[in-house]
Protein chains: 4
Amino acid sequence: MPTPPNPLRRNESSRRAILDAALQLCAEDGYGRLTIEAIAARAGVSKKTIYRWWPSKGAVILEAIDDMADLFADHVDTGDLAADLHTQLSAVIELLTPPNNSAVTGLIAEALHDKELANDLRERLIRPRITAFKDRMRIAQAGGQLPPDADLDVALDLIYGPVYHRLLFHLGMPDAEQLRTLIAHALRGIQPA
Amino acid sequence: MPTPPNPLRRNESSRRAILDAALQLCAEDGYGRLTIEAIAARAGVSKKTIYRWWPSKGAVILEAIDDMADLFADHVDTGDLAADLHTQLSAVIELLTPPNNSAVTGLIAEALHDKELANDLRERLIRPRITAFKDRMRIAQAGGQLPPDADLDVALDLIYGPVYHRLLFHLGMPDAEQLRTLIAHALRGIQPA
Amino acid sequence: MPTPPNPLRRNESSRRAILDAALQLCAEDGYGRLTIEAIAARAGVSKKTIYRWWPSKGAVILEAIDDMADLFADHVDTGDLAADLHTQLSAVIELLTPPNNSAVTGLIAEALHDKELANDLRERLIRPRITAFKDRMRIAQAGGQLPPDADLDVALDLIYGPVYHRLLFHLGMPDAEQLRTLIAHALRGIQPA
Amino acid sequence: MPTPPNPLRRNESSRRAILDAALQLCAEDGYGRLTIEAIAARAGVSKKTIYRWWPSKGAVILEAIDDMADLFADHVDTGDLAADLHTQLSAVIELLTPPNNSAVTGLIAEALHDKELANDLRERLIRPRITAFKDRMRIAQAGGQLPPDADLDVALDLIYGPVYHRLLFHLGMPDAEQLRTLIAHALRGIQPA
DNA sequence: CCGTAAGCGAGACGGTACGTCAAGTCTTGCT
DNA sequence: AGCAAGACTTGACGTACCGTCTCGCTTACGG
């Protein structure tokens with residue numbers, strides 16, 4: 001009977017070594033060349049230990065990224081909505097651009113054909129940012145910088161969509177100026193009919 | 001010296017069999033389970049023949065998709081810009097939704113870590129659609145439905161971004177009504193400052 | 001670093017299955033058609049397991065033959081030297097004649113261009129027989145059937161040489177009577193000057 | 001209908017280029033690494049041309065060796081039988097010892113599992129030497145150096161056997177002195193009962 | 001405080017696919 | 001028709017990782 005492992009007896013130092021090794025290797029060779037074998041070897045850990053706690057290499061990377069708490073910088077509130085969005089999007093873009101992009105884009109790619117992983121990725125990494133984003137937008141609504149009946153789902157699409165569209169087809173990430181323009185247009189688009 | 005193969009002597013029927021087999025297998029088992037071995041077996045072709053003409057399974061799928069000319073339906077001009085965009089985006093969404101999505105999303109995922117493939121994908125599949133899109137937009141400008149100084153790159157971002165953002169994080173593709181709303185907001189956002 | 005495998009953890013049943021499969025296939029299709037692939041399939045074993053423990057198919061066959069301890073019948077002592085040599089040589093000839101010859105002659109052929117294998121073959125299979133042969137000859141010397149100063153290396157050449165000469169050029173193995181004649185002449189040749 | 005090729009229209013310069021390339025490559029990389037591909041490339045010849053005229057790489061090498069007329073030096077007659085045999089055997093040993101041995105031992109090895117090739121090898125290369133050997137022995141018989149009823153087949157076995165026995169198991173070729181001893185003993189063994 | 005059951009490292013195992021190599025066949029265009 | 005060139009199918013090569021599976025060990029818990 002394969003009893004599920006007991007989290008209480010888990011070896012925390014192995015866990016850290018695995019997550020660190022995974023990120024290192026990802027940075028060195030790219031997500032594509034990342035293998036469980038290599039993670040185990042680098043971490044000085046048995047493959048069995050990895051398989052005991054994670055279902056796939058994607059899950060390892062996801063946890064590793066999740067552990068680095070504020071990779072996607074949280075939404076700040078300086079009172080200037082466009083500026084705050086610019087700050088936040090710049091952080092996201094940073095993550096999606098070499099040399100930092102390997103782990104995150106690899107994870108995104110894998111999630112495209114792994115439904116389980118996709119769900120985990122969305123719930124653990126993306127959803128909280130969406131929530132933070134909408135919170136910031138609601139503050140803007142309360143402060144009158146945004147119409148109270150603006151559709152925040154549409155806002156999400158217009159603000160974040162461009163970044164990922166460009167990521168997917170290697171169309172080039174916007175620089176600071178282009179980003180400013182994009183945000184301005186997106187905010188204009190949010191106005192309700 | 002490994003001389004490059006001579007395209008003139010290429011066996012066209014093998015080429016077709018390979019592309020067809022690749023698409024079939026992709027539809028049956030998903031891009032993730034697609035292997036060069038299996039394509040060769042299904043196509044009744046030697047692995048060598050595949051490796052002779054393509055550098056990776058992604059390249060095979062790309063050519064297969066490229067061969068199906070109008071997968072991404074071309075931009076039409078009925079005179080109603082919003083309706084035409086709706087038509088075109090619906091076709092794209094169709095391609096990115098089960099059960100048709102395997103080949104295309106698989107290709108997109110692979111292109112995320114394969115720079116060569118990414119370039120091919122962009123130049124052969126994406127760029128022509130972007131051009132067609134901008135052509136349609138210019139017609140709209142000429143017809144006065146769109147300001148003559150609207151930034152068409154921003155337009156591209158706002159119109160297509162949302163679809164891919166939702167694809168990546170499995171946020172759910174917009175239905176017909178949501179799509180209409182999105183397009184309306186995007187068109188509003190395009191207005192120059 | 002490819003650490004050498006740990007013999008203590010070796011799976012004996014895999015080892016046996018591999019050796020048995022190798023001999024079977026050799027008998028069925030001949031040494032020339034023997035492949036690692038086929039051995040692995042027949043033995044229900046992964047190719048990796050074969051490569052882990054043996055450097056070549058020759059080495060597998062060598063171990064398989066070596067395992068069948070007394071293939072080259074040991075030298076007996078009935079007191080009649082010529083008769084005993086006849087018995088022993090008959091056993092060797094048996095091994096080198098269809099339908100039993102495939103594994104042994106295949107191994108000999110491979111050893112002709114593989115120095116490593118040649119050394120293994122000599123030390124594990126041939127040397128012990130040479131030693132046994134010389135032991136038997138020394139008994140004959142002690143018993144006065146052979147001059148005490150006979151050169152046993154020359155004896156080895158004259159007794160065994162003819163068999164392998166005939167094997168190499170398919171000149172036909174000697175039958176029982178021819179063998180008797182050969183031995184008689186060889187023994188006569190051994191006499192010291 | 002695959003009509004057999006017409007020898008009259010054969011391109012002699014291709015034939016020579018092939019045989020030369022085969023011997024060169026054999027000397028450079030050893031018989032084991034010799035391939036039809038490599039011969040064709042080196043000779044500047046199409047693979048088809050090789051397959052048209054020879055059934056296997058062994059056959060190519062056999063013809064190449066056969067073409068070099070007197071590889072196995074012919075038997076001479078100085079009047080001294082032992083000395084003449086020594087001369088002849090030295091030439092054979094030369095051929096079977098590095099760095100000259102690759103082609104000949106490779107051919108011998110291949111003939112061990114290729115019956116066709118074995119027959120060709122025996123009839124084209126070996127048989128003539130056997131005949132020459134027996135002719136020389138008959139001269140010795142006529143001259144009284146050898147009993148008139150000596151068994152020349154046994155003689156062949158005792159004289160040549162040792163060399164091939166040592167070749168097969170890498171027991172070391174005899175040096176000039178050992179060879180003299182061996183011949184002396186063999187000649188002694190030939191005496192009829 | 002001591003046995004025992006878990007997690008652990010190590011790494012062998014049966015597999016699948018990889019990308020390469022050579023075999024031998026076939027087609028095309030040149031001489 | 002013979003030939004060079006070279007694309008083709010076939011099949012084996014030896015390697016890389018996969019995910020599963022013992023092995024001893026060590027570690028912490030629970031009787």
Side-chain angles (χ1 to χ4, degrees), chain A residues 2-3 5-11 13-15 33-41 43-53 55-57, chain B residues 2-11 13-14 33-41 43-53 55-57, chain C residues 2-11 13-14 17 33-41 43-53 55-57, chain D residues 2-3 5-11 13-14 33-41 43-53 55-57:
Chain A
T3 359
N6 177 350
L8 296 178
R9 309 194 53 174
R10 184 166 189 179
N11 182 336
S13 73
S14 290
R15 178 177 167 278
R33 281 192 239 298
L34 184 64
T35 67
I36 299 279
E37 300 261 344
I39 297 174
V45 135
S46 150
K47 281 199 292 174
K48 182 99 191 199
T49 300
I50 299 182
Y51 284 113
R52 184 157 23 232
W53 302 108
S56 68
K57 74 170 178 174
Chain B
T3 5
N6 177 349
L8 296 177
R9 310 194 50 178
R10 184 163 189 182
N11 183 335
S13 73
S14 291
R33 279 192 239 297
L34 184 64
T35 67
I36 299 278
E37 274 310 302
I39 296 173
V45 134
S46 110
K47 281 197 290 176
K48 184 79 193 239
T49 299
I50 300 181
Y51 285 114
R52 184 161 22 238
W53 302 108
S56 66
K57 72 171 179 172
Chain C
T3 3
N6 178 349
L8 296 178
R9 311 194 49 180
R10 185 164 189 180
N11 182 335
S13 73
S14 290
R33 281 192 240 297
L34 184 64
T35 66
I36 298 278
E37 203 78 42
I39 296 173
V45 135
S46 106
K47 281 198 290 176
K48 183 76 195 240
T49 299
I50 299 182
Y51 285 113
R52 180 153 33 227
W53 302 108
S56 66
K57 73 170 177 172
Chain D
T3 359
N6 179 348
L8 296 178
R9 310 196 52 175
R10 183 165 189 181
N11 181 335
S13 73
S14 289
R33 280 192 241 295
L34 184 64
T35 67
I36 299 277
E37 301 262 343
I39 297 173
V45 135
S46 148
K47 282 199 291 175
K48 183 96 190 201
T49 300
I50 300 182
Y51 285 113
R52 181 156 28 232
W53 301 108
S56 67
K57 73 171 178 172

J.: Let me know, please, whether Trp53(B) or Ala38(A) comes out on the 5' side of the other along DNA chain F by nearest nucleotide.
T.: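 Result of the comparison: Trp53(B).
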
J.: Arg9(C) side chain: which of dT9(F), dA1(F), dC23(F) is closest?
T.: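 Nearest to the side chain of Arg9(C) among the choices is dC23(F).
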
J.: What are the two closest heavy atoms between Val45(A) and Ile50(A), and how far apart are they?
T.: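 The answer is CG1-CG1, 4.0 Å.
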
J.: Is there a donor and acceptor pair, one atom on the side chain of Lys47(B) and one on the base of dG19(E), closer than 3.5 Å?
T.: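 Indeed there is one.
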
J.: Report the distance from atom CD1 of Ile50(D) to atom P of dC3(F), rounded to the nearest whole Å.
T.: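 After rounding, the gap between these two atoms is 11 Å.
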
J.: Provide, to the nearest angstrom, the distance between the CG atom belonging to Leu8(A) and the P atom belonging to dA6(E).
T.: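 Going from CG in Leu8(A) over to P in dA6(E) covers 13 Å.
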
J.: Decide yes or no, distance alone: a donor-acceptor N/O pair under 3.5 angstrom between the base of dA12(E) and the side-chain of Arg10(C).
T.: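 Looking at the base of dA12(E), it does not pair with any donor or acceptor on the side chain of Arg10(C) (distance under 3.5 Å).
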
J.: Judged by each residue's nearest nucleotide on DNA chain E, which is more toward the 5′ side, Ile36(D) or Tyr51(B)?
T.: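 That would be Tyr51(B).
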
J.: Within the pair Ser14(B) and dA7(F), is there a side-chain N or O less than 4.0 Å away from OP1 or OP2?
T.: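 Result: no.
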
J.: What I want to check is whether an N or O donor and acceptor connect the side chain of Thr35(C) with the base of dA12(F) at under 3.5 Å.
T.: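 Check fails, no donor-acceptor contact within cut-off.
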
J.: Taking all non-hydrogen atoms of both residues into account, name the closest pair between Ser46(B) and Ala40(B) and its distance.
T.: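 So the two residues come closest at C-CB, 4.2 Å.
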
J.: Is there a side-chain contact between Arg52(B) and the phosphate of dC8(F), meaning an N or O under 4.0 Å from OP1 or OP2?
T.: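 Affirmative; the distance criterion is met.
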
J.: Validate the cation-pi geometry between Arg10(C) and Trp53(C): distance from NZ or CZ to the six-membered ring centre under 6.0 Å, angle to the ring axis within 45°.
T.: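 Yes; both conditions hold, so Arg10(C) lies above the ring face of Trp53(C).
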
J.: Using the side chain to side chain contact (heavy atoms under 4.5 Å, CB included) criterion, which residues pair with Arg52(B)? Sequence neighbours excluded.
T.: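 By the side chain to side chain contact (heavy atoms under 4.5 Å, CB included) rule, Arg52(B) matches Pro5(B), Lys48(B), Thr49(B).
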
J.: Record whether the side chain of Lys48(C) comes under 3.5 Å of the base of dG14(F) through a donor-acceptor pair of N or O atoms.
T.: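 In this structure, the two groups form no donor-acceptor pair.
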
J.: In whole angstrom, what separates Asn11(C)'s CG from dT20(F)'s C1'?
T.: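 That distance rounds to 14 Å.
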
J.: Kindly say if Thr49(D) contacts the phosphate of dA4(F), meaning a side-chain N or O under 4.0 Å from OP1 or OP2.
T.: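 Answer yes for this pair, as a side-chain N or O of Thr49(D) is under 4.0 Å from OP1 or OP2.
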
J.: Measure the distance from CZ on Arg15(A) to P on dG7(E) and round it to the nearest whole Å.
T.: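 These atoms are roughly 16 Å apart.
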
J.: Starting at atom CG of Leu34(B), determine the distance to atom C1' of dT16(E), rounded to an integer number of angstrom.
T.: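 Taking atom C1' of dT16(E) as the reference, CG of Leu34(B) is at 14 Å.
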
J.: Nearest to the side chain of Glu37(B), which nucleotide is it out of dA17(E), dC8(F), dT9(F)?
T.: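 So the side chain of Glu37(B) is nearest to dA17(E).
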
J.: Rounded to whole angstrom units, what separation is found between the CZ atom of Arg33(C) and the P atom of dG24(E)?
T.: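 Those two atoms, CZ and P, are 11 Å apart.
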
J.: For Asn6(A) and for Ser56(D), locate the closest nucleotide of DNA chain E by heavy-atom distance; then report the residue assigned to the nucleotide nearer the 5' terminus.
T.: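 Counting from the 5' end, the first nearest nucleotide belongs to Asn6(A).
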
J.: From Arg33(C) CZ over to Thr35(C) OG1, what is the distance, rounded to the nearest 0.5 angstrom?
T.: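 Reported to 0.5 Å precision, the distance equals 11.5 Å.
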
